Novice: 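Here it is: the structure, laid out below.
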Amino acid sequence: MKKRVFSGARPTGSQHLGNYLGAIQNYVSLQEEYDCIYCIVDYHALTTMEGREAVKTLQPNIREMALDWLAAGLDPERSAIFVQSHVPEVAELHTILSMNTPLNWLMRVPTFKDKVKQQPENVNYGLLGYPVLMTSDIVLYKAEVVPVGEDQLAHLELAREIVRRFNYLYGDTFPEPQAKLAHIPLIVGLDGVQKMSKQLNNHIELAATPEETETRIMTAFTDPARKFRRDPGHPEACNVFALHQALKVVHADELAKACRNAEIGCVECKRKLAQEINVMLAPFRERRMELAGRSSYVDSVLKEGADRVRRIAQRTMEEVRRNMGLV
Ligand code: SF4
């Protein structure tokens, strides 16, 4: 029997190249080997949102994100794709695990401290309880494997601690989830400084047209020391080159040499990059248009996904209540 993988992502709407190279490609390849559960975590998104205006962006964002996942190759026959809040058992398990998690474990989580700094006007309980909800997401479906980047290892270790404590108090109930360390490349945005992000408007949207893609790439920052076409460039200090490398283009070495010898200008180099991205994304864009044209397709995938995993969730919760003596 295949091992079960769980991964969740916040509903951020239409996806960008950083999402694709950093997570979605990995999601698609995991389907070959694992029984995959991919969740759009809308409850988690609420920890950084306040008010109806903000929350009303969730539904379109969920659909756009799911559409991109499907167009990129997530296969609803092989993977359950669903929305976190469509399986309400997760909220029950979160409540139960909250009683089982010492407060000081949560207070020491660095991301909690970061969030407090980022949104001092909205330090809500959900921010503190975030790792407990994350643990509930994983163990509700008895997932054994969680794909993570290096920076998320500490979160998963906390999830494992919460599981160990529950199993110690109430008997073996949950498997301890194991990290599957993925090499998640850091894709820097077009500003050449920060991680690619929609919020920072330094991204390349997957669903953009080829022309829009080229226009965006033309705005990218390059080697700051190269002022004129005749100046030798430093590809190692250039974000456009980093993107060429992230796409694993075969001629990256030649490009680097041409840049160092000033045999290629930045405009030409960016055009090449746009061309590579457009060629790589052409099948995705075609499939996305086709899926978007199928009425209610995304909604039905999300519903079927939730129905499928809810059966697992219900069995888990029966076991939890029984082991705890709640029934
Ligand atoms: Fe960067 Fe390409 Fe310009 Fe070299 S030629 S500095 S790699 S954009």
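Read the numbers this way: they start at 1 and go in the same order the structure lists the ligands and their atoms. Any value given below was found using the heavy atoms of this structure, including those in side chains, with hydrogens, waters and symmetry copies removed. Being a predicted model, the structure only gives us computed values, none of them experimental.
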Novice: Which atoms of ligand 1 sit under 4.0 Å from any heavy atom of V240?
Specialist: 8 (S)
Novice: Determine, for E33 against K3, whether the closest basic-nitrogen to carboxylate-oxygen distance falls under 4.0 angstrom.
Specialist: no
Novice: For C266 and ligand 1, answer yes if some heavy atom of the residue is under 4.0 Å from a ligand atom, otherwise no.
Specialist: yes
Novice: Quick one: are Q178 and R160 in side-chain contact, heavy atoms under 4.5 Å?
Specialist: yes
Novice: How close do D223 and A225 get, heavy atom to heavy atom, and via which atoms?
Specialist: OD1-N, 2.9 Å
Novice: Side chains of V109 and H155: does their closest heavy-atom pair fall under 4.5 Å?
Specialist: yes
Novice: In the protein, which heavy atom is nearest to atom 1 (Fe) of ligand 1, and how far is it?
Specialist: C238 SG, 2.3 Å
Novice: Can E92 and R321 be counted as an ion pair, charged N to O under 4.0 angstrom?
Specialist: yes
Novice: Can you find a pair of side-chain heavy atoms, one from H203 and one from L17, that are under 4.5 Å apart?
Specialist: no
Novice: Please could you name the atoms of ligand 1 that F241 approaches to less than 4.0 Å, counting only its heavy atoms?
Specialist: 7 (S)
Novice: Under 4.0 Å from a heavy atom of C269: give me the atoms of ligand 1 that qualify, with their elements.
Specialist: 2 (Fe), 5 (S), 7 (S), 8 (S)
Novice: Please confirm whether R226 comes under 4.0 Å of ligand 1, counting heavy atoms of the residue only.
Specialist: yes
Novice: When you measure from atom 4 (Fe) of ligand 1 to every protein heavy atom, which one gives the shortest distance, and what is it?
Specialist: C259 SG, 2.3 Å
